[in-house]
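Structure record follows, encoded as structure tokens.
None of these values were measured; they are calculated from a predicted model.
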Amino acid sequence: MDTKNYKYNFRYCRSKKLCEVHGFGYKTLERWISEEKDLGRTIPGRIKLPGVNSYIWDPVIFHDQFLVSKVNGPTRNEYEKREHLLIFKHLKANRERKVV
């Protein structure tokens with residue numbers, strides 16, 4: 001998957017918009033955050049807003065440094081394999097339509 005073909009209409013976004021644009025559910029994002037936290041890491045592109053208990057996302061960093069490797073990486077079970085396939089198809093369709 002070529003990472004340079006993705007352009008976004010916004011510089012930063014909230015979690016729900018990030019999920020909508022990339023074609024996965026909010027619970028999936030929350031699971032990924034929890035898994036990375038358990039490993040002592042953070043997801044690239046997640047930015048804490050000072051003074052509030054909230055985060056925003058840089059979609060370019062998230063896509064290039066996390067999502068591509070996550071979708072193309074190994075899966076633990078058939079459910080996760082199907083989930084990654086659906087995300088990959090969504091990204092491919094958006095790239096072809098130039099919607100992202």
Side-chain angles (χ1 to χ4, degrees):
M1 181 183 312
D2 184 17
T3 59
K4 302 301 180 205
N5 286 341
Y6 288 88
K7 304 260 188 270
Y8 297 93
N9 296 331
F10 43 84
R11 177 70 176 111
Y12 299 105
C13 63
R14 294 180 181 246
S15 298
K16 289 186 180 184
K17 182 68 173 176
L18 183 80
C19 296
E20 176 187 316
V21 168
H22 289 100
F24 55 84
Y26 183 73
K27 290 289 186 180
T28 300
L29 180 63
E30 290 295 316
R31 186 181 75 236
W32 288 344
I33 292 169
S34 176
E35 289 171 357
E36 292 298 311
K37 188 175 182 179
D38 290 345
L39 297 172
R41 300 184 299 218
T42 59
I43 295 180
R46 188 175 185 219
I47 303 164
K48 173 108 172 84
L49 293 175
V52 247
N53 191 17
S54 187
Y55 293 86
I56 58 172
W57 294 85
D58 184 331
V60 174
I61 293 174
F62 172 79
H63 177 270
D64 293 348
Q65 296 179 16
F66 180 78
L67 187 63
V68 172
S69 61
K70 184 76 168 174
V71 172
N72 291 328
T75 57
R76 295 177 293 201
N77 53 40
E78 286 297 315
Y79 174 78
E80 192 173 67
K81 187 176 183 177
R82 274 182 288 157
E83 181 181 58
H84 289 187
L85 184 60
L86 288 173
I87 293 169
F88 181 74
K89 285 181 180 180
H90 179 80
L91 290 172
K92 186 176 178 183
N94 279 346
R95 183 180 65 211
E96 289 171 359
R97 284 187 267 138
K98 304 285 186 197
V99 172
V100 177

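- Ring-plane geometry between F62 and F24 is classed as tilted, the angle between the planes lying from 30 to 60 degrees on a 0 to 90 degree scale.
- Hydrophobic cluster membership differs between Y12 and I33, with clusters built from Ile, Leu, Val, Met, Phe, Trp and Tyr side chains linked at under 4.5 angstrom.
- Atoms OG and CG, from S34 and L29 in turn, are 11.0 Å apart once rounded to the nearest 0.5 Å.
- In this structure, CG in N72 is found 12.0 Å from NZ in K70, a value given to the nearest 0.5 Å.
- Residues I47 and L49 fall within the same hydrophobic cluster, defined by Ile, Leu, Val, Met, Phe, Trp and Tyr side chains chained together at heavy-atom separations under 4.5 Å.
- Within the 4.5 Å cutoff, no side-chain heavy atoms of R82 are placed close to those of L85.
- Listed here is the closest heavy atom pair of V71 and H84: CG1-O, 3.5 Å.
- The existence of a salt bridge linking E30 and K27 is excluded, since no basic side-chain nitrogen approaches an acidic carboxylate oxygen closer than 4.0 Å.
- In this structure, E78 CD and E80 CD are separated by 10.5 Å, a value rounded to the nearest 0.5 Å.
- Side chains of Y26 and S15 form a contact here, defined as non-hydrogen atoms less than 4.5 Å apart.
- The two residues P59 and R11 have their closest heavy-atom pair at CD-O, 3.3 Å.
- Within 6.0 Å of the NZ atom in K89, the count of heavy atoms belonging to other residues, nucleotides or ligands does not exceed 12.
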* Asked: Between K37 and T42, is a side chain to side chain contact (heavy atoms under 4.5 Å, CB included) present by the stated rule, with each step listed?
  -> CA-CA 6 Å; K37 188 175 182 179; T42 59; over 6 Å; no

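- Under a hydrophobic clustering in which Ile, Leu, Val, Met, Phe, Trp and Tyr are joined whenever their side-chain heavy atoms come within less than 4.5 Å, directly or via other members, V60 and F10 fall into the same cluster.
- The aromatic rings of H22 and H63 sit parallel to each other, their planes meeting at less than 30°, with 60° as the upper class boundary.
- Cluster membership for I56 and I61, using ILVMFWY side-chain heavy atoms within less than 4.5 angstrom, is not shared.
- Between E35 and R76 there is a salt bridge, with a side-chain nitrogen of the basic residue lying less than 4.0 Å from a carboxylate oxygen of the acidic one.
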* To do: Take E36 and R46 through the salt bridge (charged side-chain N to carboxylate O under 4.0 Å, His left out) test and state the conclusion after the steps.
  => CA-CA 12 Å; E36 292 298 311; R46 188 175 185 219; over 6 Å; no

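- For R14, the CZ atom sits in a loose shell: 12 or fewer heavy atoms of surrounding residues, nucleotides or ligands are nearer than 6.0 Å.
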